[in-house]
Trainee: 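Dropping a structure here in structure tokens format, bear with me for questions.
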Amino acid sequence: MKPRDLGTTAQNTWCPGCGNFAILNAIKPVLAELDGAGLVPIENVVVVTGIGCHGKIADYLHLNSFYAIHGRAIPVATGIKLANPDLNVICFVGDGDAYAEGLDHLIFAAKRNVEITTIVHDNRVYGLTTGQYTPTSPSGFSGRSTPGGLEVSPINPLELIFASGGTFIARGYSNRIDLLKETMREAILHRGFAFLDVLQVCATFFNMYDLYNRRTYALEEHDPEDPVLAQERMREWDYNSEGPIPLGIFHRRAAPTFGDNFEDKNSKIPDMEGAVRRVLKGYI
Ligand code: SF4
């Protein structure tokens with residue numbers, strides 16, 4: 001399989017210069033390589049998206065896919081994984097989608113260590129609705145809903161997932177595609193909840209190329225299994241200042257997954273898998 005085999009003929013409607021192109025162009029070779037190596041058969045990959053510019057990625061990937069409603073990609077992905085543990089489920093979500101509408105689902109997926117990969121297209125703005133602030137917009141952000149400048153500080157999603165018990169926490173940048181591919185690959189291979197926040201530039205409503213190009217750098221000589229160091233590195237950038245902005249894998253640890261827990265308790269919850277299968281019948 002070649003990466004181009006994962007493309008579709010759907011007309012791409014992202015704006016010129018949008019960072020979503022880089023995420024699309026990164027995931028294709030990663031999946032082709034994992035399939036070729038026999039690590040992740042392509043027929044077992046399911047893509048779930050939320051609502052927003054990012055969600056169109058489902059149209060541009062020749063893969064099993066499911067458009068969830070706004071903020072609900074993660075519970076759909078969780079259900080798919082529980083119904084068929086052989087599937088490799090990748091969620092593409094936006095920052096508004098994941099950190100506002102779907103925040104509770106994100107926290108619970110991390111806390112439960114659901115075995116899915118979540119890739120956040122974090123452009124720090126609602127692009128599809130023409131430029132309102134999201135939970136990761138910096139203070140002072142001037143957009144459609146805050147013409148006088150945003151008065152509150154952003155959340156740091158990496159710290160949020162760390163506090164929620166996340167077992168794989170990483171950050172990428174859409175304009176550093178080799179590092180992004182490497183991080184995506186590790187996220188997909190992680191056994192548990194893999195969280196990857198991608199600084200995906202919205203070229204139209206919040207163009208951060210200049211700052212990110214100057215201030216991002218790859219984490220080196222970092223031990224992601226040391227939780228104290230991991231948190232220190234996550235705090236290096238608070239999504240408000242100019243950086244420096246570290247990229248790569250901040251934290252990684254092994255832990256039982258949500259699916260493991262169900263297996264342990266199968267005798268107490270009869271035919272749980274069957275129940276989920278019936279709910280999702282016709283969708284997977
Ligand atoms: Fe990309 Fe922003 Fe255009 Fe949406 S509005 S397609 S995020 S550049």
Trainee: Is the closest side-chain heavy-atom distance between V40 and D35 below 4.5 Å?
Mentor: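 No, their side chains stay 4.5 Å or more apart.
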Trainee: Decide yes or no for L87 and I80: does some side-chain heavy atom of the first lie under 4.5 Å from some side-chain heavy atom of the second?
Mentor: yes
Trainee: Drop me the distance from L211's CG to T216's OG1, to the nearest 0.5 angstrom.
Mentor: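 The CG atom of L211 sits 8.5 Å away from the OG1 atom of T216.
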Trainee: Any chain of hydrophobic side-chain contacts (each under 4.5 Å) joining L128 to V48?
Mentor: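 L128 and V48: separate clusters.
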Trainee: A side-chain contact here means heavy atoms from C-beta on lying under 4.5 Å apart; do I42 and L63 qualify?
Mentor: yes
Trainee: What are the two closest heavy atoms between D238 and N156, and how far apart are they?
Mentor: CA-ND2, 4.4 Å
Trainee: Is I74 close to T118 at the side-chain level, that is, under 4.5 Å between some pair of heavy atoms?
Mentor: yes
Trainee: Can you give me the closest heavy-atom contact between P135 and D95, atom names plus distance?
Mentor: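 For P135 and D95, the tightest heavy-atom pair comes out as CD-O, 4.3 Å.
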Trainee: If the plane angle is over 60° it's perpendicular, under 30° parallel, otherwise tilted; pick one for F206 and F141.
Mentor: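 Perpendicular.
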Trainee: In terms of hydrophobic clustering (I, L, V, M, F, W, Y; side-chain heavy atoms under 4.5 Å; direct or indirect links), are L82 and I116 co-clustered?
Mentor: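 Shared cluster, yes.
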Trainee: Closest approach of A73 and V93, non-hydrogen atoms and distance?
Mentor: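 Taking A73 first and V93 second, the nearest heavy atoms are CB-CG1, 3.6 Å.
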Trainee: More than 12 heavy atoms of other residues, nucleotides or ligands under 6.0 Å from CZ of R214: is that the case?
Mentor: yes
Trainee: Is it the case that over 12 heavy atoms from other parts of the model lie below 6.0 angstrom from the OH atom of Y67?
Mentor: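 Count over threshold, so yes.
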Trainee: Cluster question for you: counting only ILVMFWY and a side-chain heavy-atom cut-off of under 4.5 Å, with indirect links fine, are L180 and L219 together?
Mentor: no
Trainee: Nearest 0.5 Å, what's the CG-CZ distance between D197 and R124?
Mentor: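 So the gap between those two atoms works out to 9.0 Å.
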Trainee: Within a strict 4.5 Å, meaning less than it, do heavy atoms of the Y173 and Y217 side chains meet?
Mentor: no
Trainee: Starting at CG of N175, measure out to CE of M208 and round the result to the nearest 0.5 Å.
Mentor: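 Spacing of CG (N175) from CE (M208) equals 13.0 Å.
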Trainee: Go through H54 and N20 one step at a time and tell me if the side-chain hydrogen bond (donor to acceptor under 3.5 Å, both in side chains) criterion holds.
Mentor: CA-CA 7 Å; H54 76 274; N20 283 325; over 6 Å; no
Trainee: What about F162 and V114, same hydrophobic cluster or not, with Ile/Leu/Val/Met/Phe/Trp/Tyr joined at side-chain heavy-atom distances under 4.5 Å?
Mentor: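 Yes, F162 and V114 fall within the same hydrophobic cluster.
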Trainee: Look up atom CG in L158 and atom CG in D122, then write down how far apart they are to the nearest 0.5 Å.
Mentor: 9.5 Å
Trainee: Working to the nearest 0.5 angstrom, can you tell me the gap between S174 OG and L199 CG?
Mentor: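 These two atoms lie 7.5 Å from each other.
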Trainee: When you measure from the side chain of N44 to the backbone N and O of P41, does any donor-acceptor pair fall under 3.5 Å?
Mentor: no
Trainee: Testing the 3.5 Å rule here: is there a donor-acceptor pair between the side chains of D97 and Y126?
Mentor: no
Trainee: Decide yes or no on side-chain contact (heavy atoms from CB on, under 4.5 Å) for T117 and F195, but give the supporting numbers first.
Mentor: CA-CA 6 Å; T117 302; F195 171 79; over 6 Å; no
Trainee: Taking the side chain as every heavy atom from C-beta outward, state whether V228 and Q231 have any pair of such atoms under 4.5 Å apart.
Mentor: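 Of all side-chain heavy-atom pairs linking Q231 with V228, none is under 4.5 Å.
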Trainee: Kindly give the heavy-atom pair with the smallest separation between I177 and A22, and that separation in Å.
Mentor: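 The answer is CD1-O, 3.5 Å.
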Trainee: What is the distance from atom CZ of F258 to atom NZ of K111, rounded to the nearest 0.5 Å?
Mentor: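 Rounded to the nearest 0.5 Å, the CZ-NZ separation comes to 10.0 Å.
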Trainee: Name the one of W14, F92, F21 that satisfies ring pair (Phe, Tyr, Trp, His ring centres under 6.0 Å) with Y60?
Mentor: W14
Trainee: Does the plane of the ring in H190 sit parallel, tilted or perpendicular to the ring in F168? Use 30° and 60° as the thresholds.
Mentor: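 It falls in the tilted class, 30° to 60°.
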Trainee: Just by distance, do the side chain of Q132 and the backbone of T129 share a donor-acceptor pair under 3.5 Å?
Mentor: yes
Trainee: Identify the two heavy atoms, one from L61 and one from I27, that lie closest to each other, and give their separation to 0.1 Å.
Mentor: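 Shortest heavy-atom separation between L61 and I27 comes out as CD2-CG2, 3.9 Å.
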Trainee: Below 3.5 Å, can you tabulate the donor-acceptor pairs from side chains in residues 243-255 to any protein atom, sequence neighbours excluded?
Mentor:
{"from": "H251", "atom 1": "ND1", "to": "P224", "atom 2": "O", "distance (Å)": "3.2"}
{"from": "R252", "atom 1": "NH1", "to": "E186", "atom 2": "OE1", "distance (Å)": "3.0"}
{"from": "R253", "atom 1": "NH2", "to": "G165", "atom 2": "O", "distance (Å)": "2.8"}

Trainee: List the residues meeting ring-ring contact (aromatic ring centres under 6.0 Å, His included) with Y99, not counting sequence neighbours, and say none if there are none.
Mentor: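 Per chain and number, Y99 pairs via ring-ring contact (aromatic ring centres under 6.0 Å, His included) with no residue.
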Trainee: Under the side-chain contact (heavy atoms from CB on, under 4.5 Å) criterion, do L34 and L189 qualify, and how do the steps go?
Mentor: CA-CA 9 Å; L34 292 175; L189 292 176; 4.0 Å; yes
Trainee: Measure the shortest side-chain to side-chain distance between P157 and Y239 over non-hydrogen atoms and say whether it is less than 4.5 angstrom.
Mentor: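 P157 reaches Y239 side chain to side chain.
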Trainee: For the residue pair M184 and L196, what are the closest heavy atoms and their distance?
Mentor: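 Heavy atoms only, the tightest pair is CG-CD2, 3.7 Å.
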Trainee: Check side-chain contact (heavy atoms from CB on, under 4.5 Å) between T257 and all other residues, then give those that pass, not counting sequence neighbours.
Mentor: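 Checked T257 against side-chain contact (heavy atoms from CB on, under 4.5 Å); matches are N113, E115, R191, D260.
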Trainee: Under 4.0 Å between a Lys/Arg side-chain N and an Asp/Glu carboxylate O for R233 and E236?
Mentor: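 Judged by the 4.0 Å cut-off on N to carboxylate O distance, R233 and E236 do form a salt bridge.
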Trainee: I23 and H121: side-chain contact (heavy atoms from CB on, under 4.5 Å), yes or no, with the steps?
Mentor: CA-CA 8 Å; I23 295 176; H121 299 225; 3.5 Å; yes
Trainee: Is a donor on one side and an acceptor on the other found under 3.5 Å between the side chain of N240 and the backbone of S139?
Mentor: yes
Trainee: Do I119 and F193 land in one hydrophobic cluster if side-chain heavy atoms of ILVMFWY residues count as linked below 4.5 Å?
Mentor: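 Each belongs to a different hydrophobic cluster.
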Trainee: Please check: side-chain N/O of N64 versus main-chain N/O of V45, any donor-acceptor pairing under 3.5 Å?
Mentor: yes
Trainee: If you define the side chain from C-beta out and look only at heavy atoms, does anything of P3 sit under 4.5 Å from L6?
Mentor: no
Trainee: In terms of heavy-atom contacts, does OH of Y133 have more than 12 from other residues, nucleotides or ligands at under 6.0 Å?
Mentor: no
Trainee: I need the single residue from K28, R185, K181 that forms a side chain to side chain donor-acceptor pair (under 3.5 Å) with E33. Which is it?
Mentor: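 Between E33 and the candidates, side chain to side chain donor-acceptor pair (under 3.5 Å) is satisfied uniquely by R185.
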Trainee: So does A10 get a backbone contact from the side chain of T8, meaning a donor-acceptor N/O pair under 3.5 Å?
Mentor: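 Confirmed, T8 side chain pairs with A10 backbone.
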